[in-house]
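The sequence lines fix the lettering, A, B, ..., with proteins before strands; numbering per chain opens at 1.
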Amino acid sequence: MSRFSFHCLATDGAARRGRLTTPHGEVATPAFMPVGTQATVKAMYADQVRDLGSDVVLGNVYHLMLRPGAERVARLGGLHTFMQWPHTILTDSGGFQVMSLAKLRRMSEQGVEFQSHLDGARYMLSPERSVEIQNLLGSDIQMQLDECVALPADEPEVERAMQLSLRWAERSRAAFHDYGGFDAGRGLFGIVQGGDVARLRVESARTLSAMDFEGYSIGGLAVGEPQAVMLEMLEITNPELPETKPRYLMGVGTPDDIVESVARGVDMFDCVMPTRAGRHGLAFTRYGKVNFRNARHAEDPRPLDAESDCPAARDYSRAYLHHLVRTKETLGAMLITWNNLAYYQSLMRTLRAAIEAGTYADTVAGLKADWARGDIAPYQA
RNA sequence: GGAGGGGUGCCCGAGUGGCUAAAGGGGACGGGCUGUAAACCCGUUGGCUAUGCCUACGUUGGUUCGAAUCCAACCCCCUCCA
């Protein structure tokens with residue numbers, strides 16, 4: 001079993017090509033990590049997710065503590081065994097639910113009291129309990145409990161949440177040792193907060209850096225602010241983080257967000273975009289987005305992308321995908337999710353190769369030109 | 001032949017005198033989705049020479065200041081009885 005480690009293999013400007021090692025394998029960075037909140041990447045087999053080139057998937061403390069319960073997962077052999085994913089797992093601490101379930105929680109210095117969205121039962125999630133749960137699950141890359149604030153927000157509110165997150169970072173760090181995460185060779189990431197306020201971002205990043213985490217997450221972005229603001233925050237934050245540690249931009253994003261963030265030194269991403277949008281009939285391709293609900297696909301016999309390696313894109317007609325989406329058939333969600341994750345992972349391969357080759361800027365320019373060109377011409381029968 | 005029930009916008013369906021171009025579904029058309037309370041959510045959906053007018057609740061006629069709503073006749077559909 002290997003311990004958590006990170007090595008930078010190449011750089012191109014601020015962009016970094018790296019390799020992250022965890023007890024469950026290696027992760028090529030920049031990496032996109034599919035979201036598997038409830039111990040499944042929705043509409044996908046674990047083997048498929050792996051075959052597309054995913055080195056990591058996410059799980060979520062909040063959802064898994066409610067069902068099936070962290071202790072139960074531990075009794076069943078841990079999350080890797082439970083969900084048939086023998087590779088690296090990253091877990092979110094529940095910090096995002098502080099924002100997304102704002103109406104169902106109460107904050108205190110001690111932690112967050114959630115009222116379950118399932119049955120109304122009350123659960124106390126402290127920084128210590130979150131780390132305990134992540135270790136019960138057997139997570140390789142763990143997140144401190146933090147408070148994620150939706151933007152726009154007033155500066156005092158952003159600062160309060162950021163300072164609280166720093167205090168929780170210290171408690172999480174201690175708990176990570178107490179619950180055996182460090183000894184097991186796992187990693188714990190501190191989470192930079194500070195909203196859209198440069199001063200707060202810098203203070204958060206510097207304070208966390210001094211705590212010597214295995215990696216650093218950048219949270220509280222893509223939560224309502226324009227992309228330009230997010231990118232500006234990255235430019236301010238990343239130079240304050242240790243060069244020797246991985247940087248994870250939480251919850252981001254669109255293909256464009258990803259290429260721009262990699263250019264600013266981000267190593268890891270996760271986002272529900274490819275999976276959720278896929279279930280909703282929206283495909284991501286090298287020539288932009290394709291909305292399969294639209295009537296124009298109804299009699300188009302062409303595949304989504306004849307040159308793709310993914311069967312979902314290569315072997316099925318657009319007319320069929322349109323039909324499956326229209327009829328809300330499960331297979332439609334499966335195929336488009338499959339295509340989307342295939343596209344995202346191929347994009348990440350492209351970015352990694354470009355950094356190695358030192359051609360990142362040109363490569364991204366080419367990608368953007370293709371996206372801007374849009375979908376292939378309308379079908380003429 | 002008799003008794004009862006019913007005909008509403010693309011479809012189903014609510015509405016039983018004015019607040020009704022007509023609830024709610026569905027369908028159709030489009031948009032959104034960023035550490036997943038999301039196989040979900042949100043718009044639009046009669047026409048026009050548009051702060052108004054026209055057409056429209058089976059058909060025709062009537063009552064009324066005003067009718068999808070009340071009355072009459074007729075045409076269809078359903079159930080039961082002969």
Side-chain angles (χ1 to χ4, degrees), chain A residues 32-44 56-64 66-67 90-105 114-120 130 134 139 141-151 165 189 191-193 215-227 229-231 247-258 260-261 266 268-284 289 291-298 322 324-337 340 344:
Chain A
F32 180 79
M33 311 181 286
V35 179
T37 303
Q38 309 207 70
T40 170
V41 177
K42 295 181 192 289
M44 292 285 288
V56 192
V57 298
L58 265 69
N60 186 289
V61 163
Y62 170 78
H63 299 267
L64 295 174
L66 299 185
R67 285 188 312 201
L90 181 154
T91 43
D92 187 31
S93 59
F96 185 72
Q97 281 63 45
V98 171
M99 178 182 79
S100 67
L101 300 177
K103 295 163 292 299
L104 293 172
R105 54 76 171 165
F114 283 108
Q115 190 162 12
S116 164
H117 69 279
L118 300 170
D119 61 6
S130 180
Q134 294 180 71
S139 170
I141 307 176
Q142 306 180 14
M143 297 298 119
Q144 68 152 108
L145 187 65
D146 67 331
E147 181 182 357
C148 181
V149 177
L151 296 175
S165 296
F189 283 30
I191 303 179
V192 178
Q193 287 291 346
Y216 295 87
S217 302
I218 301 158
L221 291 176
V223 290
E225 81 287 3
Q227 189 204 42
V229 172
M230 177 180 85
L231 298 179
R247 303 170 191 149
Y248 161 33
L249 177 56
M250 307 183 79
V252 174
T254 63
D256 188 64
D257 289 337
I258 290 173
E260 292 297 341
S261 300
V266 174
M268 302 159 68
F269 301 87
D270 79 285
C271 191
V272 301
M273 189 70 79
T275 46
R276 178 188 288 166
R279 293 193 303 284
H280 296 167
L282 185 69
F284 288 88
K289 294 183 285 188
N291 187 342
F292 273 106
R293 288 188 308 260
N294 294 352
R296 65 194 175 91
H297 305 294
H322 169 79
L324 292 175
V325 168
R326 279 297 176 96
T327 53
K328 299 190 189 306
E329 282 292 337
T330 302
L331 183 59
M334 294 169 65
L335 290 174
I336 299 176
T337 299
N340 288 354
Y344 265 64

| Within less than 4.0 Å of OP1 or OP2 of B/G35, is there a side-chain N or O belonging to A/Gln97? | no

| said: Over all strands shown, is A/Thr275 touching base, sugar-phosphate only, or nothing at heavy-atom distances under 4.0 angstrom? | reply: base

| message | Given the structure, check if the side chain of A/Arg296 and the base of B/G30 hold any donor-acceptor pair shorter than 3.5 Å. | response | no

| query | Watson-Crick or G-U wobble partner for B/G4, using a 3.5 Å limit on both distances? | reply | B/C78

| said: Under 5.5 Å centre to centre and under 30° between planes: does that hold for A/His63 and the six-membered base ring of B/U36? | reply: no

| task | Give A/Ala333 one of three labels, base, sugar-phosphate or nothing, depending on what nucleic acid heavy atoms sit under 4.0 Å from its own. | result | nothing

| said: Over all strands shown, is A/Leu58 touching base, sugar-phosphate only, or nothing at heavy-atom distances under 4.0 angstrom? | reply: sugar-phosphate

| Which one, B/U36, B/G30, B/G35, comes nearest to the side chain of A/Ala295? | B/G30

| request: Using a heavy-atom cut-off of under 4.0 Å over every strand shown, decide if A/Leu90 touches base, sugar-phosphate, or nothing. | output: nothing

| said: Is it the case that B/G31 (base atoms only) and A/Asn291 (side chain only) share a donor and an acceptor within less than 3.5 Å, ignoring hydrogens and angles? | reply: no

| query | In terms of side-chain heavy atoms of A/Arg279, which of B/A37, B/G35, B/U36 is nearest? | reply | B/U36

| query | Starting at the 5' end of RNA chain B, which residue's closest nucleotide do you reach first, A/Asn294 or A/Leu101? | reply | A/Asn294

| request: Could you work out which one of B/A39, B/C33, B/A37 sits closest to the side chain of A/Lys103? | output: B/A37

| task | Could you tell me which nucleotide pairs with B/G43 by Watson-Crick or G-U wobble geometry, both distances under 3.5 Å, or answer none if nothing does? | result | B/C29

| In whole Å, what is the span from the CE atom of A/Met250 to the C1' atom of B/U34? | 12 Å

| query | 5'-most contact on RNA chain B: A/Glu329 or A/Met143, nearest heavy atom basis? | reply | A/Met143

| said: Using only modelled atom types and a 3.5 angstrom limit, is any donor from either the side chain of A/Arg293 or the base of B/G30 paired with an acceptor on the other? | reply: no

| task | Give a yes/no answer on whether the side chain of A/Arg326 brings an N or O atom under 4.0 Å of OP1 or OP2 in B/A28. | result | yes

